[in-house]
Amino acid sequence: MKWFKDLRYRVFYGLFLNKNYKVISRGERSTGCAWNFCPDYLDSKSIIYGAGVGRDITFERTLVDEFGASVVLIDPSPTGA
């Protein structure tokens, strides 16, 4: 399974880095909820759906604060309550 994760990482970042896309990281690294993404087309018209958010919404909060995006949080588990 590790080889698959490594391949996914190389393909994903290879596409971004070879095309000179801006990639930033947001969220809380200490809880494992930091995500890397390309912010080029995020703005106040963006709608983001987050599923399985649990107790840490630092990433989603950043999308609202920095880009003015609308974020819909979905988590039917007891942790998400």
Side-chain angles (χ1 to χ4, degrees):
M1 194 61 155
K2 182 177 176 351
W3 68 268
F4 180 72
K5 288 181 182 180
D6 291 344
L7 174 64
R8 184 179 63 173
Y9 177 86
R10 284 194 310 272
V11 169
F12 179 77
Y13 286 104
L15 289 173
F16 273 120
L17 298 176
N18 287 337
K19 301 292 182 184
N20 295 322
Y21 290 112
K22 178 181 177 182
V23 176
I24 62 174
S25 180
R26 295 294 186 268
E28 183 58 46
R29 287 192 184 278
S30 66
T31 61
C33 292
W35 296 93
N36 299 320
F37 63 99
C38 177
D40 288 349
Y41 300 104
L42 287 177
D43 59 22
S44 61
K45 296 177 187 171
S46 301
I47 301 172
I48 295 127
Y49 295 90
V53 295
R55 293 184 178 149
D56 187 340
I57 61 167
T58 53
F59 174 70
E60 291 84 356
R61 188 74 220 168
T62 300
L63 296 174
V64 172
D65 293 342
E66 286 189 31
F67 304 101
S70 296
V71 177
V72 178
L73 301 176
I74 304 166
D75 192 342
S77 73
T79 10

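Residues: numbered from 1 along the sequence shown. If you're wondering where the values come from, they're calculated on a predicted model, not measured in any experiment.
Of all non-hydrogen atoms in Asp43 and Lys45, the two that sit nearest each other are OD1-N, 2.8 Å. Minimum heavy-atom separation, Arg29 to Ala34: CG-CB, 3.7 Å. Minimum interatomic distance between Gly52 and Asp75 (heavy atoms only, all atoms of both residues): C-OD2, 3.5 Å. In terms of heavy atoms, Val64 sits closest to Ala69 at CG2-O, 3.6 Å. Taking each heavy atom of Thr62 and Gly27 in turn, the nearest pair found is OG1-N, 4.4 Å.
The shortest distance between side-chain heavy atoms of Val71 and Leu73 falls below 4.5 Å. Put simply, the side chain of Glu60 does not reach to within 4.5 Å of the side chain of Ile48, judged on heavy atoms. In this structure, Phe37 and Arg26 have side chains that are in contact, with non-hydrogen atoms separated by less than 4.5 Å.
Atom CD1 of Ile57 and atom CD of Glu28 lie 12.5 Å apart (nearest 0.5 Å). Atom CG of Leu63 and atom CG of Leu42 lie 6.5 Å apart (nearest 0.5 Å).
Under a 4.5 Å side-chain heavy-atom cut-off, the cluster of Ile, Leu, Val, Met, Phe, Trp and Tyr residues that includes Tyr49 is completed by Ile47, Val72, Ile74.
Checked against a 6.0 Å centroid threshold, the rings of Tyr41 and Phe67 do not count as neighbours.
Among residues two or more places apart in sequence or in another chain, the side-chain hydrogen bond (donor to acceptor under 3.5 Å, both in side chains) test is passed with Thr31 by Asp56.
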